[in-house]
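Atoms within a ligand are numbered from 1 in the order they appear, just like the ligands themselves. Hydrogens, waters and symmetry mates are skipped; everything else that's a heavy atom, side chains included, is used.
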Amino acid sequence: MARERQLVIYTDLDGTLLDAETYAYEAARPALEAIRRHRALLVLCSSKTRAEMEPLVSALGLRAPFIVENGGAIYLPREEFAAWVPEAEPYGVWVRLVLGVPRARLRVCLADLKRRLPVPIVSWSDLAPEAIAEECGLSLEAAQRAMQREFDEPFRVASDDPEVLSRMAVIVAEYGLRLTCGGRYFHLMGASDKGRAVRALADILRRQFGAIFTVGIGDSENDAPMLAEVDLPILVRRPSGEPDPRVRHLVPHARITSGIGPIGWNEAVLGLLAEEQGNDGAISRT
Ligand SMILES: [Mg+2]
């Protein structure tokens, strides 16, 4: 008898399902359609906020959980999932499982950084949407969605003095928080990451579906904890044509796509679903 297992595909967005420059996912349409036919669960897993991800979840017609702010929280469709996650809190049409540290607590640490460090610190809480739109090259509406962060406080420091930066790291550690550098901004957050969220969600999905087979698809270093956590990790090539060397090092068993971004995503998912179909066929014939 065929062993039933639910296929779960966790995917990063920018540079993975979405083109790194245009944010388009047209190239991935055949695979998105195949996922629907196969009844696989597609779980979006991004550094983006709930407000940024909700329009995409609905444009893709997904009735699946999604992971926001690098693992800060998991949102699950209330109707289908609430019964399986009694520990989650109702949140509109969703139920929400919080893994990160709420922003109010992050701001206490930030206020302390401003007091104790001799350099100007500007956080997103200090800036108007117009300023963030300009700094990040976003439309005003996109900036407003990006600003609805719940578990991450982006800020910049007007100094690259290593002594200041190491004092900053010490203060952040005193609060039990974590600091990552994302290019233009530092991000202050709790100890959550995509891997922890994938693990927490897998526990929930096992309650609901029994056996699951997990796939992760990503393109950069913040995806490494997610890729390390799944049964089949897939690394999508970057616009340069190469996969991220740090992720290759961190997850050496990851499958690497031939195509870049959503083109690679499409090819990898279609290949995976064909393999799954082959497995089912082989099993049902015996
Ligand atoms: Mg990415």
Could you list the donor-acceptor pairs under 3.5 angstrom formed by side chains in residues 163-172, with sequence neighbours left out?
unit_1, atom_1, unit_2, atom_2, d
Ser166, OG, Glu163, O, 3.3
Arg167, NH2, Arg116, O, 3.0

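- Excluding waters, the count of protein N/O/S atoms less than 2.8 Å from the Mg ion (ligand 1) comes to 3.
- A single hydrophobic cluster is not seen to contain both Tyr91 and Leu76; linkage of ILVMFWY side chains at heavy-atom distances under 4.5 Å, directly or through other members, places them apart.
- Counting only distance, with no hydrogens or angles, the side chain of Thr257 and the backbone of Trp265 share no donor-acceptor pair below 3.5 Å.
- Applying the ring pair (Phe, Tyr, Trp, His ring centres under 6.0 Å) rule to pairs touching residues 202-232 yields nothing, sequence neighbours excluded.
- Classified by interplanar angle (parallel below 30°, tilted 30° to 60°, perpendicular above 60°), the ring pair Tyr75/Phe66 is parallel.
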Name each donor-acceptor pair under 3.5 Å that joins a side chain in residues 194-202 to protein atoms two or more places apart or in another chain, with its distance.
unit_1, atom_1, unit_2, atom_2, d
Lys194, NZ, Asp12, OD1, 3.1
Lys194, NZ, Cys45, O, 3.0
Lys194, NZ, Asp223, OD1, 2.6
Arg196, NH1, Ala191, O, 3.4
Arg199, NH1, Glu229, OE1, 2.8

